[in-house]
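First up is the structure itself, then whatever we jot down about it.
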There are 2 protein chains.
Amino acid sequence: MKTIDTEQSAEPEGRRSIGARRNPDSAEAILEAAEAVLLESGYAGFSIEAVARRARAGKPTIYRWWPSKAALLLDVYRRQKGDVGHPDTGSLEEDLYQLARSLFTLWRDTPAGPIFRSIIAEAQSDAKAAEALADYGAERRRHSGRMTERAIARGEARPDANPKVVADLVSSYAWTHLLTNRLDEDDDTLRAAIRTIVRGVLA
Amino acid sequence: MKTIDTEQSAEPEGRRSIGARRNPDSAEAILEAAEAVLLESGYAGFSIEAVARRARAGKPTIYRWWPSKAALLLDVYRRQKGDVGHPDTGSLEEDLYQLARSLFTLWRDTPAGPIFRSIIAEAQSDAKAAEALADYGAERRRHSGRMTERAIARGEARPDANPKVVADLVSSYAWTHLLTNRLDEDDDTLRAAIRTIVRGVLA
DNA sequence: CTCCATCGATACGATACGTTCCGTTATATA
DNA sequence: TATATAACGGAACGTATCGTATCGATGGAG
């Protein structure tokens, strides 16, 4: 995931800039507060001021280290996402199912879900968040495309199958279910979706 | 699509409520202004005040007829979406491709795209917009599920294929491409995505 | 001890939300 | 035609948030 500006590369040249040393305790408290606010009030209640109040920090301190709400959001996400596994079971359908299921579970049962939703929402009105999100998505598709590549290599999938397209279909399915509160989908339906991608629907 | 509260059913009982007659010219001007603002400035610039300025209307006039930004957004979308066709070519793959292509084109070349993005964004922080969006999505999946139902009936698709899942996969793919600025996807890739759903990737 | 960067706190201008009031205009009824 | 009714545009309000500016206090480094 792209960094936007978080680490404020070396010399911001903004103030006197002799030594910009960030207080780790303060930054950590802010990130924790941001996560807590996001979890309790969702994207609607996520404001810099709410985060500052909760962290007992000053707003300027937040703005000193994060140039925008989007940057803070991305840092919060990066800080705690449990990076879903990319299993290698020997069966493409099983691999993709486990990928999708762990995404659904992660997003439903951990702060990662609300946080990721917030980033997507923010990206609809913040160009930098949009770019970061696009980079992140492309990297994820490349990564989970490996599953299909392996299936092609072992002769399970057709050589002309498009790994990125397969990854795109799976992650698109997960995204829209996240965005429309459908992460509680029953296992049969999720399996049917993955089976459709792998086997198709033709008679 | 659910109406939220737009038409303010009959007797609002809010004021004296003898006859609440809406001025069609005014309402039309507001909807046109909202569409124009959305097109020019996107979701970021879409504010009630901006719409009121552009329509030369008073804010209270807007709030009288639309209870929230989300309601106005939904009305704008409903007013001008060209309702993509649901072709019946005799081939499921061709039907789904044409559905997806017309969705991509509609969203890329008309105001419907930015407007729909805005509704999705709004739904992430407005419960009523979220519910309306969920209803709309369910109705769309039911509707485009007909394509797969026909394919099953004519023996093209397996009887155990799940029409709603197929529709969900196609629309999810379109949604995420809308949300991540990838509506300009080349035809080969879009066809590959549809082909994957219909035929799968197995050797 | 003396710098000096960071800190929390507070205040600020700007923008937007949603509401209230006011004076005007248009329409329906008598 | 005359009157009542209600929607209208406009202005202002109080609240909330954004992002910035300024302050005195704290604490580590030389």
Side-chain angles (χ1 to χ4, degrees), chain A residues 4-5 8 10-31 33-34 37-38 41-73 118 121-122 125-129, chain B residues 4-5 7-8 10-31 33-34 37-38 41-73 118 121-122 125-126 128-129:
Chain A
I4 280 194
D5 236 352
Q8 213 141 10
E11 296 281 318
E13 204 66 36
R15 298 264 166 242
R16 276 169 214 94
S17 77
I18 292 186
R21 57 180 175 250
R22 178 193 199 145
N23 182 339
D25 292 348
S26 178
E28 190 64 16
I30 288 166
L31 286 169
V37 167
L38 215 35
S41 317
Y43 181 56
F46 184 74
S47 71
I48 297 289
E49 282 174 327
V51 172
R53 272 195 302 272
R54 172 129 198 163
R56 255 189 280 262
K59 270 200 299 174
T61 303
I62 297 181
Y63 280 106
R64 184 189 302 278
W65 301 118
W66 291 275
S68 67
K69 218 159 81 157
L72 179 55
L73 230 25
S118 302
E122 187 76 11
S125 58
D126 181 306
K128 284 194 293 186
Chain B
I4 281 195
D5 236 353
E7 288 301 332
Q8 214 141 13
E11 295 281 316
E13 203 68 36
R15 299 264 168 242
R16 275 169 216 96
S17 80
I18 293 188
R21 56 181 179 249
R22 176 188 196 150
N23 182 340
D25 291 349
S26 179
E28 190 64 18
I30 288 167
L31 287 169
V37 167
L38 215 36
S41 317
Y43 181 55
F46 184 74
S47 72
I48 297 290
E49 283 175 326
V51 172
R53 272 195 300 272
R54 171 130 196 162
R56 255 189 280 261
K59 270 201 297 176
T61 303
I62 298 181
Y63 279 106
R64 185 190 304 276
W65 302 117
W66 291 276
S68 67
K69 218 159 82 157
L72 179 55
L73 229 25
S118 303
E122 187 76 12
S125 58
D126 181 307
K128 283 194 292 185

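Owing to the predicted nature of the structure, the values given are computational and were not obtained by experimental measurement. So you know, we letter chains A, B, ... as the sequences are listed, proteins then strands, and number each from 1.
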Using whole Å, report how far CZ of A:R54 lies from P of C:dG8.
-> 16 Å
Reported OG1-to-CZ distance for the pair A:T61 and A:R56, which is rounded to 0.5 angstrom | 14.5 Å
Taking atom P of C:dC7 as reference, at what distance in whole Å does atom CD1 of A:I62 sit?
-> 11 Å
What nucleotide among D:dC8, C:dC17, D:dA21 has an atom nearest to a side-chain atom of B:S47?
-> C:dC17
Please give, in whole Å, the distance from C:dT15 C1' to A:K69 NZ?
-> 14 Å
Distance col, row A:E122:CD vs A:K69:NZ, nearest 0.5 angstrom, shows 5.5 Å
Euclidean distance, atom CZ of residue A:R64 to atom P of C:dC7 [Å, nearest integer] | 6 Å
Residue whose nearest DNA chain C nucleotide is more 5′ - B:G45 or A:R56 = A:R56
Going through the checks in order, is the side-chain contact (heavy atoms from CB on, under 4.5 Å) test met by B:W65 and B:L72?
-> CA-CA 9 Å; B:W65 302 117; B:L72 179 55; over 6 Å; no
Measure from CD on B:E49 to C1' on D:dA11 and round the result to the nearest Å.
-> 12 Å
Does A:K59 make a side-chain donor-acceptor contact with the base of D:dG19, cut-off 3.5 Å?
-> yes
Rounded to whole Å, the CZ-C1' distance (A:R53 to D:dA16) equals 9 Å
Does B:Y63 put a side-chain nitrogen or oxygen below 4.0 Å from OP1 or OP2 of C:dT19?
-> no
C:dG8 P sits how many Å from A:I48 CD1, rounded?
-> 14 Å
Check whether any side-chain N or O of B:W65 sits under 4.0 Å from OP1 or OP2 of D:dA6, and answer yes or no.
-> no
Specify the closest pair of heavy atoms between A:G45 and A:A50, including all atoms of both residues, with the distance to one decimal.
-> O-CB, 3.9 Å
